[in-house]
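First comes the structure, then the notes that go with it.
Here is the naming used below: chain letters follow the sequence lines, and residue numbers restart at 1 for every chain.
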There are 2 protein chains.
Amino acid sequence: MNRPVTNAPQPRFRQIVDSIRNDIVTGVLPEHAALPSERVVADQYDVSRMTARRALEAIEAQGLAYSEDRRGRFVSPKRVRYDISNRVSFAADARAAGTDLEITVVRTRAIRAGGSLAADLDVPVGEKLHEYTRLFCINGHPTLIETEYAVAHRCPDLMDHDLRQSTTQLLEQHYGISARTGDVIIRMRAIQPDEAALLGLPPHQAGIELEQIIRDDEGRPFCFGRQIWRGELAEFSARAIVNR
Amino acid sequence: MNRPVTNAPQPRFRQIVDSIRNDIVTGVLPEHAALPSERVVADQYDVSRMTARRALEAIEAQGLAYSEDRRGRFVSPKRVRYDISNRVSFAADARAAGTDLEITVVRTRAIRAGGSLAADLDVPVGEKLHEYTRLFCINGHPTLIETEYAVAHRCPDLMDHDLRQSTTQLLEQHYGISARTGDVIIRMRAIQPDEAALLGLPPHQAGIELEQIIRDDEGRPFCFGRQIWRGELAEFSARAIVNR
DNA sequence: ATTCGCAACTGGTATATACCAGTATTGACT
DNA sequence: AGTCAATACTGGTATATACCAGTTGCGAAT
């Protein structure tokens, strides 16, 4: 192939991405500062609005910024770290680290265990469960949504308590169930529209899903939780110990 | 031509996303099957090519499909699972699980430890390190890129060995260094253009970064590794044990 | 039978335009 | 001072078009 790619300039929109990213990493644009709007970028860089838009969307996809519908795009804050090896509860982990955490209860229901939930919690199908969904805001910004399923007969009136705190601590204090171990799975997946609405995001972005089965001192599971995180706002630390 | 100005229940492109997603989850489109092209979608659903494109990009962003430049888009295969609590080496984990894994050495270098690497590996700044970058293909598909930094004086001629295998096993067999524990960090981040090229992806997509510090029986770190995974192809399991 | 070049694809980049639906500010009126 | 409507923003959706640059397969020339 004699194609001399000498003049392989980067696409315009990528040049714009690099320029704005530079403003972010150097601190010209601090956390939560507004990025220039699509129309302003189009004007400044002399491109069409669609091209400016693609640049801003790429910055968003990289986690450098987040958008609020029809308000603008803003620089993402620093990540919070969640140590999944030592704690089984993010609320406890965050409080211990002095993080500004606010919990909102989105929904509570009484349900019965279906197939996979029953298997995960090691209970018969049809077993009564408490289901509750909560939104976690860090420094005032929606960061994750958690839905937990607790085996009802082990904590009968759990729903009468204030759920705006660590539920593992609740279970420990009122029912004597202590979270001892957890099986965690982490994966990247798309944020669903209903979740996106709660997190203040456009739908179809990727986020991090974290599932965990929480077990007591006897290794019996008593709670299953599923969290969806804004991927750009978090990181997860763990410790591996090689079995031999 | 006539615009359905009525109550658009959902954007057109999202309807298309749902339709194609349905074909994927029901198996009408099996793993690695080609999705309809942008122009075909535009034709079938009677939308412009840009709208069709947005639908296909959304499917891609959700991890349901991957694209190969100027070849087409294809249905993503099932995720592989990596147990980060029990193994400190993905290669060993995958081989133990019978996964079809092929490793390609992308680059090897001798470097000297800079500030953060020196701190992570607990060696003086300027310490000699082996750096090697490898591409991991699972079932023939590029899935992750790993760059590792090994303390050179503990494995002098490491680079003379065949690196297309688990390096932790190499280090164990030839130097008696056994990987005992690992400190792992997982986060979502953008895949850089050079990484994207190796993974056969368009740049600026989000992926999963996994960093780990590997320690020997005495707890001394001897290797630092950084992996970037195609987010839709993997999930990570771990075990938490609450310290009290 | 092999080679080679030409379609006929594929996605990637980019423009120009239009309208919709929320948000935020401004300013006149109460 | 407080209310509220107009206005000037913001991003979201969508069309139509153009050209570029790789990939792939087919058919003609060797």
Side-chain angles (χ1 to χ4, degrees), chain A residues 1-18 20 32-61 65-75 193 196-197 199-205, chain B residues 1-18 20 32-61 65-75 193 196-197 199-205:
Chain A
M1 7 171 46
N2 49 6
R3 169 189 31 91
V5 198
T6 56
N7 52 357
Q10 280 210 315
R12 303 290 304 281
F13 87 91
R14 208 173 298 293
Q15 297 173 21
I16 298 172
V17 167
D18 291 340
I20 296 177
H32 301 298
L35 265 57
S37 74
E38 296 175 0
R39 289 164 176 89
V40 167
V41 169
D43 204 44
Q44 277 185 354
Y45 294 87
D46 194 30
V47 294
S48 74
R49 191 187 146 202
M50 290 308 287
T51 302
R53 180 181 176 77
R54 292 184 50 204
L56 290 165
E57 279 179 338
I59 288 169
E60 217 177 313
Y66 60 95
S67 77
E68 293 185 14
D69 195 12
R70 277 156 255 256
R71 281 192 9 93
R73 292 186 173 85
F74 306 90
V75 178
L199 291 172
L201 289 176
H204 289 258
Q205 290 219 156
Chain B
M1 290 302 188
N2 58 346
R3 296 253 335 206
V5 191
T6 66
N7 46 0
Q10 267 203 323
R12 301 280 287 119
F13 87 91
R14 209 172 297 291
Q15 296 173 23
I16 298 172
V17 167
D18 291 340
I20 296 177
H32 301 297
L35 266 56
S37 75
E38 296 174 0
R39 289 165 176 90
V40 167
V41 169
D43 204 43
Q44 277 184 354
Y45 293 88
D46 193 30
V47 294
S48 74
R49 191 187 145 202
M50 289 308 286
T51 302
R53 181 181 174 78
R54 293 183 50 203
L56 289 165
E57 280 181 336
I59 288 168
E60 216 177 313
Y66 60 94
S67 78
E68 294 185 13
D69 194 13
R70 278 157 251 254
R71 283 194 5 94
R73 293 185 173 85
F74 307 89
V75 178
L199 291 172
L201 288 176
H204 290 261
Q205 290 219 156

Once side chain to side chain donor-acceptor pair (under 3.5 Å) is applied, do any residues pair with B/E57, and if so which ones, sequence neighbours excluded? B/R53
Separation of atom CZ in A/F13 from atom P in D/dC20, rounded to whole Å: 19 Å
Mapping B/M50 and B/R54 onto DNA chain D by nearest heavy atom, which one lands closer to the 5' end? B/R54
Separation of C/dT10 atom P from B/E57 atom CD, nearest Å, is 16 Å
Does the side chain of B/D18 reach to within under 4.5 Å of the side chain of B/Q10, using non-hydrogen atoms? yes
Is the shortest side-chain heavy-atom distance between A/I20 and A/L56 below 4.5 Å? yes
Does this structure show an ion pair linking B/R73 with B/E68, if we count only N-O contacts that are shorter than 4.0 Å? no
In whole angstroms, how far is the C1' atom of C/dG12 from the CD atom of B/E60? 12 Å
Could you list, one pair per line, each protein nitrogen or oxygen that sits under 3.5 Å from a nitrogen or oxygen of nucleotides 7-11 of chain D, together with the distance?
from	atom 1	to	atom 2	distance (Å)
D/dT10	OP1	A/S37	OG	2.8
D/dG11	OP2	A/E38	N	3.0
D/dG11	N7	A/R39	NH1	2.7
D/dG11	N7	A/R49	NH2	3.4
D/dG11	O6	A/R39	NH2	2.9
D/dG11	N2	A/R70	NH1	2.7

Verdict with reasoning, A/Y66 to A/H32, per side chain to side chain contact (heavy atoms under 4.5 Å, CB included): CA-CA 9 Å; A/Y66 60 95; A/H32 301 298; 2.7 Å; yes
Does OP1 or OP2 of D/dT15 have a side-chain N or O of B/T51 closer than 4.0 Å? yes
Test side chain to side chain contact (heavy atoms under 4.5 Å, CB included) applied to A/M50 and A/F13, step by step: CA-CA 10 Å; A/M50 290 308 287; A/F13 87 91; over 6 Å; no
Could you state the OH-C1' distance from A/Y45 to C/dA14, rounded to the nearest angstrom? 17 Å
